[in-house]
Structure formats: C-alpha cells, structure tokens
Amino acid sequence: MAEMLEVSGLTKRFGGLVAVNNVSFSVREKEILSVIGPNGAGKSTLFKLISSFLKPTTGEVRLKGERISGLAPHIAARRGVVRTFQETTIFKNMSVRDNVIIAHHLRSKASLFGFFLGTGAAKVDEAAFGQSADEILALLGLSSLANETARNLPHGHLRALGIAIGLATSPSILLLDEPFAGMNHDETMRMVEMVRRLRERGLTILLVEHDMPAVMKISDRLVVLNFGQKIAEGTPSEIQADEKVIEAYLGSEDEAIGL
Amino acid sequence: MEQVIANGLYLGAQYALIALGLTLIFALMNVLNFAHGQMYVLGGFITYTVYGQLGLPFVVALLASGVTLAVIGALMEKFLFRTVIRRSHREESTMLLAAATAFFFDAVILLLFGEKQRGVPKIVKGVFNDAGIIMPYDRLVVGALAIVFIAAFVLYMQYSRVGRAMRALAQDRVAAQLMGVRVDRYSMIGFAMGAMLAGVVGGLLVTITGVNSGIGGPISIKAFLMVMIGGAGVVGGAIAGGFILGMMESVGLTVLREYGDVTYLVIFAALMVFLSVRPNGLMGKPWG
Amino acid sequence: MNQILNFANVELYYDHVYALKGVSLEVNEGETVALIGANGAGKSSILRAITGLRKIRSGEIHYGGKRIDGAAPDEIVKMGIAMVPEGRRVFPYMTVRDNLLMGAFTRTSKSEIAASMEMVLGRFPRLKERFSQAAGTMSGGEQQMLVIGRALMAKPKLLLLDEPSLGVAPKLVQDIARSIVAINRDEKVSVLLVEQNSRMALRISQRAYALTTGSVALSGNSAELLTDDRVKRLYLGGEI
Amino acid sequence: AVGISYAQAENKELKIGFVGVTSGPAAAWGTSNVRSMQTRAAWINETGGVKIGNDTYNVDIVTFDDQKDPKRAIAGMEKMAQEGVHYVVGPNVDDGAAAVRPVAEANGIIYFPYAFPKALYQKPASNAVLGMIANYQSGPAIYKYLKENKGVKKIAFVAANESDPLSQRDGGVEAAKALGLEIVAQNDTYQNDTRDFTPVLTPIVALKPDLLVLSGVAPANAPLLIRAARELGYEGLISTETAQDAKVLEEGAGEYANGFISVGGASTPEIASDTMKEFVTRYTKMFGEYNDESNTKVYALEYILDTLKANPAAINDVAEFKKTMDTFSAPNPFLKGDAKLGYVGTTSFGQKRQLSVPMVVNEYKDGAFQTLFVGSVD
Amino acid sequence: MTLSRNIKIAAVVVFLAIVFIAVPAVISASGRFDLYYTLTSVALLSIASAGVWLTFYIGRINIGQGAYALMGGYVSAILVMNHGWSFWLTLPVAGLFCAAASVLIGLPILRLRGVYFAMVTLVLTEVARLLALALPITNGAKGIVSIPLPGALSVFGITLIPDFATLQNSRLAFYLLAVTLMVACFAVMYRLVNSRIGKLCQSLQQNEELASSIGVNIAYLRVIAYAVSSFFGGVSGAIFAAISQSIYPSSFTVTDSVNFMLNCFLGGLGYVFGPMLGTLVLYFGWDLLFQTGQFQLLIYSGLMIVLMLVLPNGLLSLAEMTRKKG
Ligand SMILES: Nc1ncnc2c1ncn2[C@@H]1O[C@H](COP(=O)(O)OP(=O)(O)OP(=O)(O)O)[C@@H](O)[C@H]1O
Ligand SMILES: Nc1ncnc2c1ncn2[C@@H]1O[C@H](COP(=O)(O)OP(=O)(O)OP(=O)(O)O)[C@@H](O)[C@H]1O
Ligand SMILES: CC(C)C[C@H](N)C(=O)O
Ligand SMILES: [Mg+2]
Ligand SMILES: [Mg+2]
C-alpha cells in the first residue's frame, strides 16, 4: 500500500506548553488509523496541524509527497485533507440539508461570478449537490431531519451531521475528531459500519476517539499520544497489550463498574 | 515630561472608570451599550442639580447620581433589553435598541437640562505645584476617588458572592442558572451596576469638566475605544485600556504637536494596527 | 423506600418538536437510577424539565413530595437538586476554587461550605492540586471532576448527571464511575444518571430506564436489564 | 414649537425659516438663533405684527434641526422652499452652509449662515448673507488692540480638529502675521470629544505666549480651556472671535474666566438699548434663561423684516431684496444712540453680503461682559 | 419564503412603476417637490446601507460605511474639480477606488470579529475624517465647494443623459439617477443572496472555521463582500457630493456610519430589502416628525424603541410573523 500522508517531526508549542512534541508517523492509502491518548494529550492539536488549521512550530506534513503544512485551511481542504470538529461544529441556522449542500463547495466547477450570473455550470452544480446531499443524509440516517434547522438537533445527530459535512467535501483523507462521542452503542456500531464503507469507497481515515471498543474494532492501526509525544504505534491487539498505554490511558478492567 | 505623565495617569484613571461600566454590561449581556455616554451625562446633570443648584453636599449628589442611574439601568434591562434579547434571532439586534435608548436619553437630557454647558463650584480649591508637576487639588481628589472606585469594584467582583455570580453568568448563563443564580435578577443587577458606574463617574467629573447635553455620544465612543484596546468584557482590559488611552493622548499631544493635526490620526491608526495584530485586544477573553 | 423524585406523564416540546411524549419515572431516596437511550430519545430533555430549564407542556414533577414543575431553576436548585449538564460547562475563566464556590451559591453558612469544600477536595485530590488554575485550561477529565465536585458543593439530595463520560479517556471514565458510586454511597445522594455508556451505567445503578423517541421503552432492575436480550442487542452490543 | 403666537385673525402670515443645529454638542449655536427669533417674533406678533407695504403680518418661525449634518441641511432647505419661505437663518457651520447653496439659489431663498468661508459670500454666490462678524474681521482688530494696549507679542492658537475652527485658526494666524506678532503655536488641535484640556494645553502653556486664541471655540469648551490653562499656571491673555455666554463661563471657569476676551452683539450694559434689555427680559421669561450669544443672533430677523419693510416687493422675490441691500439703512433698535443697520462686506467679499452687527469686543468679569471696545466692519 | 415566480415578477413591476412613474406623478400633482430630495436621500442612503447589510451577512458589524461614502465623495469631487473629469466617469471610479481601498484595509481588519470589527470600522470613519482634514489633496478643513452639476453623458454623439445644469428640474434628475442606482444595487444584492454566494456568505456568518474546513476561501470571500459593500458606499457618497455641490471632511461622519447600520437593523438583518425599508422608515420618520419641533428626537427615539420591542428582528419580520399566524 502506498503512503498517503506522512507526518514527520511535528511539534506545536503554545507559549511554554508543548502540545505536540516531535510526532512522526505515516498513514497508508485506504487505511483507518486511530489516534488515541488521554485528555489533553494533543490529539486534536495534531489534527489541526494536519488539516492546516494551525501552523506547526517545527516539522511538516506531506500528502502524497507534497508538503501541505502551513497552507491555508481551505487549500488543504482543496488538496483533499478535511477534518471534522471535536465540538459539534455546524452551520447552526441552516437546515440540515443546506449544511450538507454548502459543504459541496469544493466540488463546484462554476466560479463565484458564475454563481452570481446563474450560468449553466452553476445550475448543474446545484442539482448535483442536492442529489448528493440527499444520498449522504440517507447514508447517515439523517434523511428524516433534512429540513430541520441544524441547531435543534440532539447531540448525537449533530455529530452525525458533522461527519456528513466532512463527507460532502469528497476528501481523500477524512480526519474525524471523536465522531462517536455521545452515541450509544447501537449508533456507534452503525457509524463504525459506515466509516468502513467509506474506506471501501477509497477514503483514507484518521480518527480520534475515546470509545475503545469502537476504536479497536474499526482501526487498522493505532498511534498513541501522551503529553504530546507518541508513546506507541501498532495494531489494536498490540496496543491493547502495551503496558505503557494501559498505564497512561486504558486503565485496567474493573468489573464492578463495567469497564 | 513629568507633567505629561501625570496628566496621562489622571486621564487614565477617569477613562478607566468610564470604561468599567461599559465592559461590565458587555460581559454580562453581550450588549454594547451605546447609551453609556448618555448615562454619564445624566449622572453629571444630576450632580449638577443636587450639588450645584440645590447646594447639597457633593457626596449626596454623587450618591443621587449613582442611585438614579442604577434604577434607570435596572429598568432598562428589565423592560427593554431582556425582551429584545429573548426575542431576536441575532444578538447584534440589541445594538439598535441601545442606539435608540441613546437617542432617547439625548432628547430627554436636552429637554430637561437645555443645551448649555453646565458647571458646579469646585470641591477643593488650590493647585498642587511641586517637582515640575502642576495638578489642581480637585483633580487629585477626583483621580484618587476614581482609583478607589475602581479598586472597590474589582475587589467586589473578585471576592463577593454577587461578584462571583456575575462573573459566572458572563461565562456561561445556563451553568450559572444551574448553580441557582437567578440570571434575570443578576443581569439586572449587573446592568444597574454598569449604569451606576457611568452615573458616578459623570457626577465625579462634572466638578472638573462640567457637563453638557451633547457629549454623550462622543463619550460612548471613547469608552468603546478603551474597551477594545484592553479586550472587551474584561475588567482588567477596561482598566488597562483606559490608562493606555489616557497616556497616549497625553504623550501624543505633546510629542506630535509639531506635526499639526495628526495626534488622533496616529492614535487611531495605531489602534487599528494593534487590533489587526491582536484581534481580541490586550487581554481578550470573555471575563476575568 | 421514600420516593425523592416523581416524574409523571410529562410532555415537552421544542417549538414544534415533540421531545417527551408522556414519560414517567421515579427515583427513590439513596438510589442511583440510570437513563439510557438513543440520540434524541429525550434523555437530556428529562433533566432539563426537572431543573426547570425547560417548561413542560403537561404532566407533573414532584420532588420530595412537592410539586416543582413550573418553578424557576434557581428555586429548584435551592431545594436540593444539582445538575451536571451535557458537555461539562465549567466557568472557564474562573479558578477551580471559584467554580466550586459557585456550586455552593445557594448556601449561606460559611462553615458548612468550607466543610463541603473539604469533602470535595478529599474526593477529588486533583482539584486540590489545581486549586488556583483557571478551569478552562484543565484537561477534559479534570473538568469533568470539577463539574461533579461543583454540583456536590450544593449539598444536593438529588444529583442529575448528563453523560459524564462524554469525550473522556477510558481511564478517567473509570475514575468518574467510581466517584459516582462513592458519592451515592457515602454522601447519601440520590443520582439520576444519563449515559451513552450503557454498560457502565447499568453496572453502577440500581434501576434503569431505557428511552426511545420520547417515551420509556423498558425499565427495571439494572442487574436484570444487563442480561436482558433486548437491552443487550440495543444498548450493549452483544458480547463486547 | 414654543413660539407663542397671539395671532390676530386679520393678519397675514410671514414665514421666516431657520435651518441649523439645535441638538448635539453644538446645540448652543443654533438654539440661540432659534430662541432669539422666536422671542422676537412673539414680541412682534403680540404688539400687532409687522407692517410691510400695505399688509400687516404675523411672523411665523419655521425651524429645522439639521443635526450639524450637511445632508440634513439640504433637506431642511428643501423643506423651506416647499413651505414657500424665502428668508432662512442658518446654517451654523461651514459644510452645511456650502451644501444648501444649490437649493437656496434654485429656489430663490436668501439665507444667513453663521459660517465664515468667503466663497459663500463672494461672487458668483449671491444668496448668502453672513449673519455675524467673521473672525478675519474681528481678529485683526482684537490682536491690534491687544498688541497696542496690552503689550502682546507672542500669540498661540488652539482649535478643535474640525472644519470651522481650523479655518478660523488659519484666518487668525494670517491676521496675526500681518500684525507682526510672533506665533508660537498654531498646530495644536483637540478632538471635539475632549473634556479635559490639560494635556492639550500643557505644551502650549510651556511656551509662555502673551495671548492664547481659542479659534472658533464652542461655548461649551471655552470655560474648560480657560480653566485648564489657568490651572496650569498660564498668566497671559485668552481670547476668541466668537460669541460666548457669561453664565456658562461663570459656572465652568469661575474667576479664572476674568479677563477673557470675546465678541458679542450688544450685550454689555454700556451700549445696550432699552429694546435690547426688553428683548433679554422677554427671552428669559420665555425660555427660563438667557444666552448671551443671542445678542448677536437677534439681528438676522430684524434685518430681514426691516429690509422687507424698505422694499415690500421683496417679500416673495429675493432679487428685490438683493437690490435693496446695497442701499438699505435703518435705525438699530438694539444699540444706544443712533446706530444704523446696514449691509456690509464690501472689503471682505466684494459685495454687501454681511449684516452689520456691532463688533463689540467684550471682556468677561465676574459673571458679566464689559465692553473693551466697539469696532465696525465695512 | 417561496413566492411563486409570477408573484415575484409582478412585485418587481409594481415596484418599478411606483418608483419611476407613480412617485414623480404624485409629486408633480401635489407640488411637494421637497420630497424629491427626501426620496433621493433615501435611495442613496439605502445603497450605502445595502453595503453594510452585506457585511452583516458575512457576520461583520460594519460601522465604517461613512468612511467609504466620504472617500467616494472626495474621489469624485477631486476628479471633477482638479482633473476636469466628467461626473459620470467619476461615479464608477469612485466606487472602484473605495473597493480597492477596502481590500487593502479589509485584509488586516476583516480578521477581527464581533464588537472588535465594529469598533475598528467606527474608528475608520473617524480616520477618514481626520485624513480628509490633514491631506493636501482634499483641501483640508476648507472642503471642496462649487462643484459643477453633472454634465451631459453622450455615447457616439447620442446624449444619454442631459447636462444637469441645463435642466429645469435637477431634483427630478437626481431622483431618477438615485433610484435607478438603487434598483440596480438591490437587484445585485438579491441575486447575490439568492445564489450560491449567499449561502457561502451565510456559512461565513455562522462559522468561519467550519467554512474554511469545507474548502471555502474565507479570507477571499470576506474581502469580496467588503469590497462590494464599500463600492456601494463610494457611489452613494459621490452622488451626494454632486447634489450638494460640495464636500467637507464632516460630510459623512460616525453618525452616518451608525445610521447606515441602524437602517439595516430596522429593516431586518435577515432580509435583502431590509436596508431599503429601514432607510425609508428611519429617514422618513424623522422627516414626518418635523412638525413636533423640539420633541422630534424624543418621539423618534421613543418610536424606535417601541418598534424594537415589538419587532426585534426588523420590520420585515412582520410579514413572517403574520404568515406564521395565518
Ligand atoms: N490554542 C491553544 N492555546 C493554548 N493551549 C492550547 C491550545 N489548544 C490546545 N491547547 C493545549 O494543548 C494541549 C493539547 O490539547 P488537545 O486539544 O490537542 O488535546 P486532546 O488530546 O485533543 O484532548 P481531548 O481528548 O480532551 O480532546 C492541552 O493541554 C490544551 O490545553
Ligand atoms: N433547543 C431545541 N430546539 C428544538 N428541538 C430540540 C432542542 N433540543 C432538543 N431538541 C429535540 O428534542 C429531542 C430530544 O432531545 P434531547 O437533547 O433530550 O435528546 P438526548 O436523548 O439527550 O440525545 P443525545 O443523547 O443525542 O444527547 C430531539 O429530537 C431534539 O431534536
Ligand atoms: C463661526 C462659528 C464658530 C459660529 C457658529 N457657527 C455660530 O453659529 O455661532
Ligand atoms: Mg481533542
Ligand atoms: Mg443529550
């Protein structure tokens, strides 16, 4: 499998705090790679660095050999690196469907001026986006909510909508920050299925998640961060057995509380 | 130069006090109170009436200014802002309301107190003149009072139960509600306090700069500037902003006078550049 | 056993969205009750209705024998109900200390507040270490402890928790779960726990309700529900 | 409007307009205009109206607050045209006076601005008549007097950073130069929202001028500037070329204002006639408080009515008015003795486009003005 | 919101008929010629307000439109007076100049949000005034006066617009000019908002971070919107300079900037035609209250407060409210 994304020596400082410290790893094409680690370990920061929302202090990110770190976020998105947000980040006052339609922005062929004039290309885009949005909403089980104003959705559906928005950009790498948070088991498993299907369609997926059963089930490989540093990398079973990871993150099973 | 610095500090103290009330209301309600300057003017006229016209002691006048404005502020919150905030889709909508109340105050003040500049007898006579610094005693008194008020306010916000509740409210309304804070009541108290600060500082300064019905708008804008410099909704920011603006004016007017009418151009340009670099002012965060 | 909370036939709307369609449930004194269910089932809405954040359309809510629906949130809090809302909601620019003191906002006795503070800091030593730190700069798990501690500062008789495990690392979820058990046991606080982590919720509760789209689908003894087939299928995911 | 009219049914109505500023920081300027007009009109109406030609008219004052906005001023002038008004007092500031010019000229309106730019009064402009003495007229006289009588050698200017005061400052600087005075400060300005003038004046006072000129100072700011200068230890003279109000000076600066020199209409007891005194009484009764600026501002209405009396054809035709202006002369009711009303301005504007308001240079002393000297303009 | 196409077209036709035919007819029948200027002002101010509305639409509170109106006025005045340009040529140039200036100014300041952007633009208005006072080319405090009326505009020898100075009724000419531009301006705005660009602008308003994550070039879009907005400001300022035949540093001030903003609020931030209605009501309201003399401001502001309490989302939300009830 080819290397899709390469993270090398990535470091990010906030004042005195080193949120991400010299992290290197690579992601292969069509891989599902999860980044796990305690709260505040630097996972979201790492995602922001990869998607160019933050500029690294040192180090770089390469997409298919091309450097993408330090670009503007919308350029990174154009190259195919798109992230969803840890917080439920959506266009609150638009309908669910409009949220997804607007997210097709990158796919449109018409120019701004073309939109303004309402050229043929723009009309074709419009129709295509509407259709694609409906498909995506169906995929995520949001069809019945298509016309609801996004701000009224319950937490779990908001997360799904966040993913729908990410999908609509038709990225080549999708970075999902805690996509399963706030979903119950059943829903989580449906999402897991869906993410897998996305991968089968050719998407490469990077995932941050605290839901261990889901992570272990879905991931090809894992990278573990602690205090900004990579402390482990490997397959789910390797990681689950890793003493350092258990110590820092997983904790040992406690039957009394079901974990 | 000593004189210039002394002027700057004195100006800063009064500016900081003006900015405090504005920032308090902003922090609590996300309302940019365009009527702040008008409240200041009203405070000035009340002190003018009570102290200058009726001849009652200055302290009584100051108290009257503070209390009246507090009541007005409370009423404004309860009957105007609360309703509009609840019912409007975009929170900026309160700006129209705030501007309308500013016009309304302007009209009322003009009708009640006329168009003339008003002044009151000095509270302390004499001028301090030593070590290259000239400062009338009444300015020293007012400056000191301003600092006392600022300190009292900061301590109150930091350590009292009410102050803590207001800070909490500013940061997360729902969470504050879940702590048992009556958000309506405390918003009202906060608005009243902000208005009261405007009234008190108006009353204080009437002894030095007098008061007239037309200056409300310009004062509001000046107060906005200070708040922006320091960072909106932050007590420390308002204080810092006030002192910085005071010092910039004082120093600028001396250093740049050779170049003609450019002092404020420079100050404003500097502010624009500064905000471009620090988009949230000096300490921009919701509340400190 | 004394009923502390009785939630009877409650209906609740948002604009035109029907969130609760006649939900009934109760919490007994000293109990931990879990509330599980899918996204949008109305779990958070139940908690909002109890604390008065949302007015209900019909039905009745009694607490300690007194009817409380219609009362303002601050009054309800004063009666001894504390809630940890969805998504933590610390006061980010206030110190840990001030956050905790806010929890005791409705109380007046300085010495009792100090005693509660002792208790909370004893239970969550991490908070003691971070006593003067701004809450917003703490890690997610620490914040979660803080909001639980903050709720305890009110010395509540009934504690409502909305997804305390959300976004928290597994190890911390364990810590939080243990804390809930301990609080319930040691402080004699009744707990109503909303959780997506159903397995954990059923383990640490005595009774549970499962909600689907605005009404109660299942309820019963937690231990029994843990082995119930439907629950297993819907909320626990078979054998994981 | 407050204008109490004792209208007699048979009298016709003569509408005289006002377009100027009666709200905001400069409200004092326009308010003194409006109130002096309203007082005078009420007085005239009460005593049977004004006889112009064969008809007797009641004077009706139509006022418009332009809020110091030139765009509003245009609207005001349009409104006047609509109401059939041909004589309008105001606007009070440069930009407004310039902006209403097209409307006034297109609609046959003569207007009386209180703004000094010469272009308003020089050909080809012909519908504007300056309502008071301009600073470039009074300034030289004042500086000359002070140079000769008070030994002033060094002069400093300070002005608000706005069109009117800045233009006036430039005029003053020119006049002072012509007199051979040493100008020690001419670039110092302040924002119109300044309330504390100590920082503005600190560097100027340090230069120790003999005379500090407050160019185009608003009545609200004058006492503050005076007080700040004095408190900083300034010992020289202070003057301005605009009208001020004694009460405002007294409240705002107290005894610090003693010796402050300004220009007034006929305010001082030495020269005020009984008519002026009665005017003040009536004004005070009507509005509660007198404003000394009105001594200057009462003239415009008087001039309009007297000129119409002199040529009744002008009542609807400003061309007639203009014709009359060149030769017009009438007794000045507000001054003791046999002073005359007449149009002036030939030297400054090349045509008679200014009211001959007496140039009374005042000195403030303990709550009242005293005549320093009386000058005139041609 | 979904008016059928025919109703829409009918509404537009009716509106055009009112503006271009009925209003002049009524005015000449009633002899209320002062209304021309009032309506001209409304049209011009609503163009400037439309610009402000557009910046609201991308989530920025703009209290700086006065600066661009002033700038536009000066550009036109200077080109006419010092360089002998035709007014008709200066009109687009003034707009483009303002647009270009706004790109330079906007690049740094559009990063600001909320009250910070509001304040910086407020300061910008003041900076424009101070610059006009300080720069040599603007003739400083003395302003530029005696600007000639717009001359004739002819293309290939055909006179499209006659010389205003020769017209008997230049008020009507200015009125027609102003409303023509207003119609054009709002047509552009309507199209902008109802095309995909409108959705993009809304996405900026609601969440810039998310917008950029889906590939929207937020900096570019912001600047474009701001430039369009400033273009409108410049054009309206230039026409005002031509009407008053003069321009001063104080021709457009902070008060104007604030008023532009208030027009938008009053009409309704959610409606393209909000600024037009808002300007009409605010400007006309003030004018109507002319009769109340010294109580004018009191009543005016009092009514504004009441309106705000009743319709906090703007006048046009009334339509929505009645529809919901109906
Ligand atoms: N903009 C910022 N400025 C300062 N510090 C920051 C900033 N963003 C993140 N941090 C800090 O960097 C560290 C890493 O944060 P990050 O959000 O990446 O953690 P995380 O691994 O995603 O945690 P969680 O699992 O709780 O989401 C934290 O200590 C956080 O407080
Ligand atoms: N503010 C609101 N406005 C309109 N509808 C709302 C609002 N909040 C919630 N809803 C609706 O009410 C229903 C119940 O929501 P609630 O938040 O109680 O669900 P929940 O069970 O807590 O879900 P989750 O597990 O995702 O948090 C949902 O259908 C949701 O769309
Ligand atoms: C020249 C100006 C300062 C006078 C002022 N415009 C007035 O109306 O009195
Ligand atoms: Mg994270
Ligand atoms: Mg929920």
Side-chain angles (χ1 to χ4, degrees), chain A residues 47-48 51-53 71-85 87-95 98-108 110-119 122-123 125-126 129 150-151 161-162 164-171 174-175 177, chain E residues 1-2 5 8 54 56-59 99 103 107 110-111 184-229 231 268-272 313 317 320 324:
Chain A
F47 267 29
K48 288 180 199 162
S51 56
S52 285
F53 271 76
L71 301 173
H74 71 273
I75 306 263
R78 209 163 284 177
R79 301 266 171 92
V81 182
V82 173
R83 73 143 166 156
T84 66
F85 293 76
E87 309 78 34
T88 43
T89 300
I90 43 133
F91 300 121
K92 282 202 201 98
N93 295 323
M94 289 188 199
S95 72
D98 278 350
N99 263 278
V100 182
I101 290 183
I102 195 79
H104 284 78
H105 181 71
L106 279 177
R107 291 201 218 165
S108 70
S111 65
L112 273 192
F113 203 62
F115 296 141
F116 179 71
L117 295 177
T119 54
K123 290 213 177 97
D125 279 355
E126 285 301 317
F129 297 169
R151 111 178 84 84
L161 178 56
I165 291 174
L167 278 183
T169 61
S170 56
L174 189 58
L175 284 64
D177 200 345
Chain E
M1 285 272 91
T2 50
R5 206 181 160 77
K8 267 187 204 165
L54 189 60
F56 267 113
Y57 207 61
I58 60 165
V103 170
L107 279 177
L110 279 165
R111 300 192 310 127
C185 159
F186 279 92
V188 168
M189 292 280 294
Y190 182 81
R191 189 56 214 148
L192 270 181
V193 166
N194 285 293
S195 72
R196 204 175 151 73
I197 303 179
K199 283 266 155 51
L200 288 174
C201 289
Q202 263 188 330
S203 77
L204 289 197
Q205 176 197 319
Q206 291 177 25
N207 197 326
E208 293 194 353
E209 244 196 344
L210 178 57
S212 79
S213 87
I214 58 170
V216 179
N217 188 344
I218 52 171
Y220 175 72
L221 203 59
R222 281 191 308 224
V223 165
I224 294 280
Y226 191 52
V228 172
S229 151
F231 181 91
L269 294 180
Y271 314 90
V272 201
N313 296 309
S317 67
E320 209 161 276
K324 240 184 217 164

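Chain letters run A, B, ... following the sequence lines, proteins first, then strands; residues in each count from 1.
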[X] and [Y]: which non-hydrogen atoms are nearest, and at how many Å?
{"X": "E:Q206", "Y": "A:N93", "answer": "OE1-N, 3.0 Å"}
{"X": "E:E209", "Y": "A:F85", "answer": "OE1-CE2, 3.5 Å"}
{"X": "A:A77", "Y": "E:S212", "answer": "CB-O, 4.2 Å"}

Practice prompt. Not counting sequence neighbours, which residues clear side chain to side chain contact (heavy atoms under 4.5 Å, CB included) with A:A150? List them please.
Written response: A:I90, A:N99, A:L161

Worksheet entry | side chain to side chain contact (heavy atoms under 4.5 Å, CB included) involving E:C185 - partner list, sequence neighbours excluded |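 In terms of side chain to side chain contact (heavy atoms under 4.5 Å, CB included), with neighbours along the sequence ignored, E:C185 is linked to E:I47, E:A50, E:M189, E:F232.
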
Can you measure from [atom1] ([X]) to [atom2] ([Y]) and round to the nearest 0.5 angstrom?
{"X": "E:C201", "Y": "A:I102", "atom1": "SG", "atom2": "CD1", "answer": "9.0 Å"}
{"X": "A:M94", "Y": "E:Q202", "atom1": "CE", "atom2": "CD", "answer": "5.0 Å"}
{"X": "E:S213", "Y": "A:R83", "atom1": "OG", "atom2": "CZ", "answer": "7.0 Å"}
{"X": "A:L167", "Y": "E:I214", "atom1": "CG", "atom2": "CD1", "answer": "13.0 Å"}
{"X": "E:K199", "Y": "A:H105", "atom1": "NZ", "atom2": "NE2", "answer": "14.0 Å"}
{"X": "E:N207", "Y": "A:K92", "atom1": "CG", "atom2": "NZ", "answer": "7.5 Å"}

Worksheet item: Under a 4.5 Å heavy-atom cutoff, which of E:I218, E:L200, E:L221, E:I224 has the most pairs with chain A?
Response: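 Top count of heavy-atom pairs under 4.5 Å with chain A: E:L200.
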
Worksheet item: Looking at E:V216, E:V188, E:N194, which makes the most heavy-atom pairs under 4.5 Å with chain A?
Response: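 Counting heavy-atom pairs under 4.5 Å, the top option is E:V216.
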
Between [X] and chain E, which part of the residue has a heavy atom less than 4.5 Å away: side chain, backbone, both or neither?
{"X": "A:S51", "answer": "neither"}
{"X": "A:D98", "answer": "side chain"}
{"X": "A:I101", "answer": "both"}
{"X": "A:A72", "answer": "neither"}

Worksheet item: With a 4.5 Å heavy-atom cut-off, do A:F91 and E:Q205 have their side chains touching?
Response: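 A:F91 does not reach E:Q205 side chain to side chain.
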
Discussion item. Does any backbone or side-chain atom of E:A219 lie under 4.5 Å from a heavy atom of chain A? Answer side chain, backbone, both or neither.
Written reply: neither

Fill in: Per-residue contact mode, E:Y190 against chain A (heavy atom under 4.5 angstrom)
neither

Item to complete: Show your reasoning for whether side-chain contact (heavy atoms from CB on, under 4.5 Å) applies to E:R196 and A:F129.
Response: CA-CA 11 Å; E:R196 204 175 151 73; A:F129 297 169; 3.4 Å; yes

